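Taking it in order: structure first as C-alpha cells, then the write-up.
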Amino acid sequence: MRQKITLTILLFFTFIIGFAQNGSIVGKVQDKETNNDPLPFVNITIKGSSKGTTSDLDGLYQLQDVAPGTYTLVFSFVGYKTQEIENVVVNAGKITNVDVIMSVNAAALDQVIITATTRKVSEAATLLEQKKSKDIVQIIGAEELARKGVSDAAGAVTKISGVSKQEGSSNVYVRGLGDRYLNTTFNGLPLPSNDINKKNIELSLFASDVIENVSISKAYSSKQYGDFAAGNVNINSKDYKGKGYLEAFAGTSVNTNAIGEDFVVSEGSGFFGDYARHNQNPFAVILSHGVDPEDVSAPINVNFGVSGGKSYDFENGSRLSLFGTVSFENGYEYRRGEATDFTTVEKKAFQDAEEFEYSTTTTAMGTVNYKIDDKNKLKFNSLFINSSTNEVGYFGIDGKGRNRDAILNTDEGFYQMNAQFDQNQVYVNQLIGNHKSGKFELDWAAGYNVVYAKQPDRKRISIENYQFALDNDPTTNPTFFSNVDYDNQRYFQDIDDTEFNGRLNLKYEANENFKMNFGYNARSKERNFENIRYGYDIIDSDFAITDVNNLNNIFTPANLNLTSGGIYEIKVINTFPGLSNTNRPGSAENTYKGNLDLFAGYVDAEIKAGKWLIVPGVRVESFDQSINYDVINLGNNGNASASAYENFILPSINIKYALTEEQNLRFSASRTVSLPEFKETAPFVYIDVTNRIGGNPDLLGSSNPNFINVSDVSYSNVINFDLKYEWFYGKGEIFSVSAFAKQISDPVNRVVAFDATGTQRYFRTGEEARVFGVEVEFRKNLLQNEDEETLLSAGFNTTLMHTEQDLFDVIQGTYSVNFRNDKEELQGASPIIVNADVSYSPTFGSYKPTGNLVFSYFSDRIDALGSGQLGNIIEKAVPTLDFILKNKITDKFEINFSVKNILNPDIKFVRETSGGDVLVTSTNGKGVSGFDRGRNIGIQLKYKF
C-alpha cells in the first residue's frame, strides 16, 4: 500500500512538473467591420493538431498546456476571411500573446450582417457568458426565448433551474423564496413595483421583443444591492449594431375557454388598455356612469409590432446606433370555478363562479448607442409600458351562494358582481456610460423611473335571493344585500412611484491576474398611495330587482334619495369640511407615503492564480425607510408612522476553479439582508370578494415593552452558501449540479389571522428559517447534420429542496397571531421544481421549421401560513406543457404556430382543515379557485424587410 501511495505521489508531481514546463497562447480577436469591437465565437486552432478553442464574448481566447515550439495559428469565423499567423513561438512556463483583427469576406457580407446582429443573444453566447462569469449566474437569451415561444420576462425566468411561476399570477419564486426575497433590475439598475401588493415589477410586462437576455444571479456579490436572499433578476434590453433592418409581426390566437362565451368587460376602458376618466372626480364618475359591464363582440387575441435599427459610421471612427420597438398584445381568458372565504368557519361560499378577464400590454422602447471611440461609449435607453387587466366576476351564478351574514337567507341565493379595471404605466429612462484609460475602466449609469398604478372605479354589487332571478317567475325577485353601506360600492385607488438610482464602478486592472473594483450605488424612491370608497346605501330593503343584468336603470341620479322617495343614497367615510357624508363627494379613505433611501459603497478584487479565480468583496450599505399612514382599520391609532435606519457590512466571496477548459467548480458565501417593502408595512387593508390583505408596521421594528415576540428589528439577516459544478461540454451544451443552503433570521411570512375577518398580514414569525437544496441542469444536442447544425436537442433542470422555519407560540403587537405548530415549511417553497424542453430543427432547402415541446412543474407549496387553529393555505401542484412551431419559410419570412397550456390543469388553492381540504381563493391568485385556464391556440406572421 505504501509503495502505491508513493508511486501515486511521484506520478502526480511528474504531471505537475510536466504541466508547468508547457506554455500558453492568449490574445484578443477584433472585428474590423465594427470599429474593432470584440469578435466572439471565432475558432482558433493550432494548424496540424486537434488543439483549439473559441473566443468569448469579449473576443478573448486562451490555449493552455501548449508544448514549447513554433506553431501556426488558424483563425476562422463564418463570413470572415480565415487568417493564419505563422511563427508563433511558445516557451516553457511563458505566455505568448497573439492579437488578431479579422475582416469580412465580401462574398458573404449579407450573411455576416445577420450573424453579427444575433450572436450575442444565441444560446451558445449565453452559455459562454455564464461560463466566463465570476459569479454564479444563469442566463437565457433572446434566441432561446423565441425558440421556446416565450412572450415575456416572467416566462423566461421559469425556464431557469430553481425558478417557478405562480399559475394565473405573475408571482415568481426562486429556490422557494417569493416576491419579497427577490430583486429586479433593468440593465443593472433597480426597478420600482407597479403593484401595491408586490415588491417587484411584474416580469410579464417586459415583452420578449425588448429583451436581449434575462439572467438570475443566485449567489451574491458586492456589486449587488444588499437586499438579496433568493436572487436578482436582471433584464438586459435589446440594441442593434449593423447596416439596418426593419421587422414587423402580427398574430392572433384564441383561448378555448373564452372563445365560446358571451364576453364582458368593465365599463369605461378601451381596447388598448386605456381609461379616459382618470382626471375626473370619482363622485362625478359615479353620477355619470353606471355599474353594468359591457359586451365584447369577439374575444379573439391579437398581437402585432415592429422593430428596427440602424448604425451610422463616421470618419473619425465613432458610430451611432439606433434601435426601436413598439408592440401590442391582448388576451381574453374565461375562468369558472369556486370562491370560498373560509377561516374558523365558512363566511362566504360560491360553488359556481365565473370571471372574464381582458388584458393588454403595450410596449415601446428606444435605444441610442454612441461609440465615441474605442475607449468611450454612451447609451441612452427609454422604455414605456402600459398594461391593463379588465376583470368581471360573477359569484354565485347558480343561485346557491351562501353568506353567514345574509339577512334573508344564509343557505342560498347570495350573489356578488365585481367589475374592475387596473392600469399600470411604467416609464424607465437610463443613461449608461463606459470609459477606458490605460489600466482603468469606469462604468456608470443613472436612472429615473416613474410608475402610475391605478384601479379606477371598481364596482361591487351584492344581491340576496339570486335564485329568484333564475326561476322565470315574475312574482319573485332578488333584492340588494345591504348589511352595511359598503356592501354595494364604487372603489378608486391610485399609486405613484418615483425613483432615482445610479451606480458607479471603477475597475483597476493591475495585470491579467489581478483586478480591483471600487463602486458606489444610490437609490431613492417615494411612493404615494390613496384610495376612496363610495357606498350605495339601499333605502328600501325590500326593493325588487327585476333585471339583474340592467342595474344601470336603478343606480341613476333620478333614483338618488335627496329628500325622500329615492331608492339609494351615496355614502363616504371621510367628508370634506362642511359637507355631509351623504350624497356628497369625500376625501381619501386611506393614504400612505413611503420613502426609501439606500446608499452603498463596495470594493472587490478579482484574483487569478492559475486555474483559480477568487473574488472577495465587502459592501457597506445604509438603509433608511419610513412609512407615514392614515388608515381607518386602526381607529384612533390609524394616523401614525414607522421608520427604520440601519447600516450593514456585507462580506462575500466567490471562488471559481477551472477543472479543465470546459469545467468549472464554483463556491460562494455571503451575508445579505432582506428588507421590508412598503406594502408589507402600510396597515392599509385591501378587501377582495373572498379575502383581505394588509400590511404591518411592526416589520420596521418596535421597542414597545407590552409587545410579545416583536423586537426592534427591521430586517432579516441572511447567510448564503452555494457550491456548483458546471461542464460546458459542447456548443450550447451544459451539465451542472448545485447545492445551496440559506439561514434566514427573523423571517417574514404572510399569515391568515385567526379571527372573524381572516385578514392576511405580514409577520416576523420566528427566530430562524433554513433552506437546503440541490439543482441539476442538463442540455444536450442529440442529433446534428453534416454541417454540425443541431437537429434534435433536449434540456432538463430540476430543483429538490427542503425548508424549515421556527414559529413563535404567540405574536402580540399592533396585530396579533398565534401558532399551534412550532415548526413549518417556508411560505412559497416547492420541494420539487422541474423544467424540460425538446427541440427538433430539420432543414428542407430554405425551409427551416423548429418544433418545441416545453414542460414545467412545481409541487404543492404553502401560499399563506394559518394561525391559531387555522390550517395553511396550500397552492396545489401545477404541470404545464406548450408546443411551439417556428416556420422559417425564407430568410425574411416566418409563419409560427403555438398551442399553449396543453395539459390545461386545474388551478387550486385549498385550506387545510381537520375535516379535509377546503377549496379557497388566494390573495396571490385570481377571484376563483379550482379553474382551468383553457388552451391558447395561435398563429403569427413575421417579416424582415
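Here the structure is a predicted model, which is why all the values come from computation and not from measurement. Just so you know, these numbers use all the heavy atoms, side chains as well, and skip hydrogens, waters and symmetry mates.
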(request) Would you name the heavy atoms of Ser929 and Phe909 that are closest together and state the gap between them? (result) OG-N, 2.9 Å
(request) Would you please test Ile545 and Ile554 for side chain to side chain contact (heavy atoms under 4.5 Å, CB included) and show each step? (result) CA-CA 9 Å; Ile545 306 173; Ile554 299 173; 4.2 Å; yes
(message) I want to know whether Tyr334 and Phe263 have ring centres closer than 6.0 Å.
(response) no
(message) Between the side chains of Glu875 and Lys908, is the shortest nitrogen-to-carboxylate-oxygen separation below 4.0 Å, so that they form an ion pair?
(response) no
(message) Taking atom NZ as the centre, does Lys454 end up with more than 12 heavy-atom neighbours from other residues, nucleotides or ligands that are less than 6.0 angstrom away?
(response) yes
(request) Report yes or no: is the cationic atom of Arg527 (NZ for Lys, CZ for Arg) under 6.0 Å from the centre of the six-membered ring of Tyr629, at an angle within 45° of the ring normal? (result) no
(request) Give a yes-or-no answer on whether the side chains of Thr340 and Lys348 include a donor-acceptor pair shorter than 3.5 Å. (result) no
(request) Could you give me the CA-CA distance, side-chain angles and deciding distance for Ile873 and Val752, then say whether side chain to side chain contact (heavy atoms under 4.5 Å, CB included) is met? (result) CA-CA 9 Å; Ile873 295 177; Val752 187; 3.9 Å; yes
(request) Could you tell me whether Lys347 and Asp341 have a side-chain N and a carboxylate O separated by less than 4.0 Å? (result) yes
(message) So, applying side-chain contact (heavy atoms from CB on, under 4.5 Å) with Tyr332, which one of Asn255, Asn301, Asn390 is it?
(response) Asn301
(message) According to salt bridge (charged side-chain N to carboxylate O under 4.0 Å, His left out), does anything in residues 351-360 pair up with another residue at least two apart or in another chain? List the pairs.
(response) Arg335-Glu355, Arg335-Glu357, Arg336-Asp352, Glu357-Lys926
(request) Measure centre to centre between the rings of Phe414 and Phe481, then say whether the value is under 6.0 Å. (result) yes
(message) Checking Phe897 now: which residues fulfil ring-ring contact (aromatic ring centres under 6.0 Å, His included) with it, not counting sequence neighbours?
(response) none
(message) Which residue in the set Phe480, Phe543, Phe555 passes ring-ring contact (aromatic ring centres under 6.0 Å, His included) when paired with Tyr568?
(response) Phe555
(request) Enter the distance from Thr921:OG1 to Ile907:CD1 here, rounded to the nearest 0.5 Å. (result) 14.5 Å
(request) Give the ring-plane orientation class for Phe395 versus Phe350, where under 30° counts as parallel, over 60° as perpendicular and anything between as tilted. (result) tilted
(request) Measure the acute angle between the ring planes of Tyr415 and Tyr394, then classify it against the limits of 30° and 60° as parallel, tilted or perpendicular. (result) parallel
(request) Could you verify whether a donor N or O on one side chain and an acceptor N or O on the other, from Glu569 and Thr582, lie under 3.5 Å apart? (result) no
(message) Could you tell me if Arg861 sits above the aromatic ring of Phe858, with its cationic atom closer than 6.0 Å to the ring centre and no more than 45 degrees from the axis?
(response) yes
(message) If only side-chain N and O atoms count, and only distance matters, is there a donor-acceptor pair under 3.5 Å linking Arg460 with Gln489?
(response) no
(message) Take a 6.0 Å sphere around CG of Asp473 and say whether it holds more than 12 heavy atoms from other residues, nucleotides or ligands.
(response) yes
(message) For a side chain to side chain donor-acceptor pair (under 3.5 Å) check, start with the C-alpha distance between Glu530 and Thr591, then their side-chain angles and the critical distance, and finish with the verdict.
(response) CA-CA 4 Å; Glu530 68 174 24; Thr591 64; over 6 Å; no
(request) Would you check, one step at a time, whether the test side chain to side chain donor-acceptor pair (under 3.5 Å) holds for Lys679 with Tyr762? (result) CA-CA 9 Å; Lys679 56 103 175 182; Tyr762 299 88; 3.0 Å; yes
(message) Within a 6.0 Å radius of atom CZ on Arg404, are there more than 12 heavy atoms belonging to other residues, nucleotides or ligands?
(response) yes
(request) Report the residue from Phe684, Tyr452, Phe678 that forms a ring-ring contact (aromatic ring centres under 6.0 Å, His included) with Phe529. (result) Phe684
(request) Would you please name every residue forming a ring-ring contact (aromatic ring centres under 6.0 Å, His included) with Phe271, sequence neighbours left out? (result) Phe328
(message) Could you check whether Gln416 and Tyr466, counting side-chain N and O atoms only, form a donor-acceptor pair closer than 3.5 Å?
(response) no
(message) Check this for me: does any side-chain nitrogen of one of Asp863 and Arg750 sit under 4.0 Å from a carboxylate oxygen of the other?
(response) yes
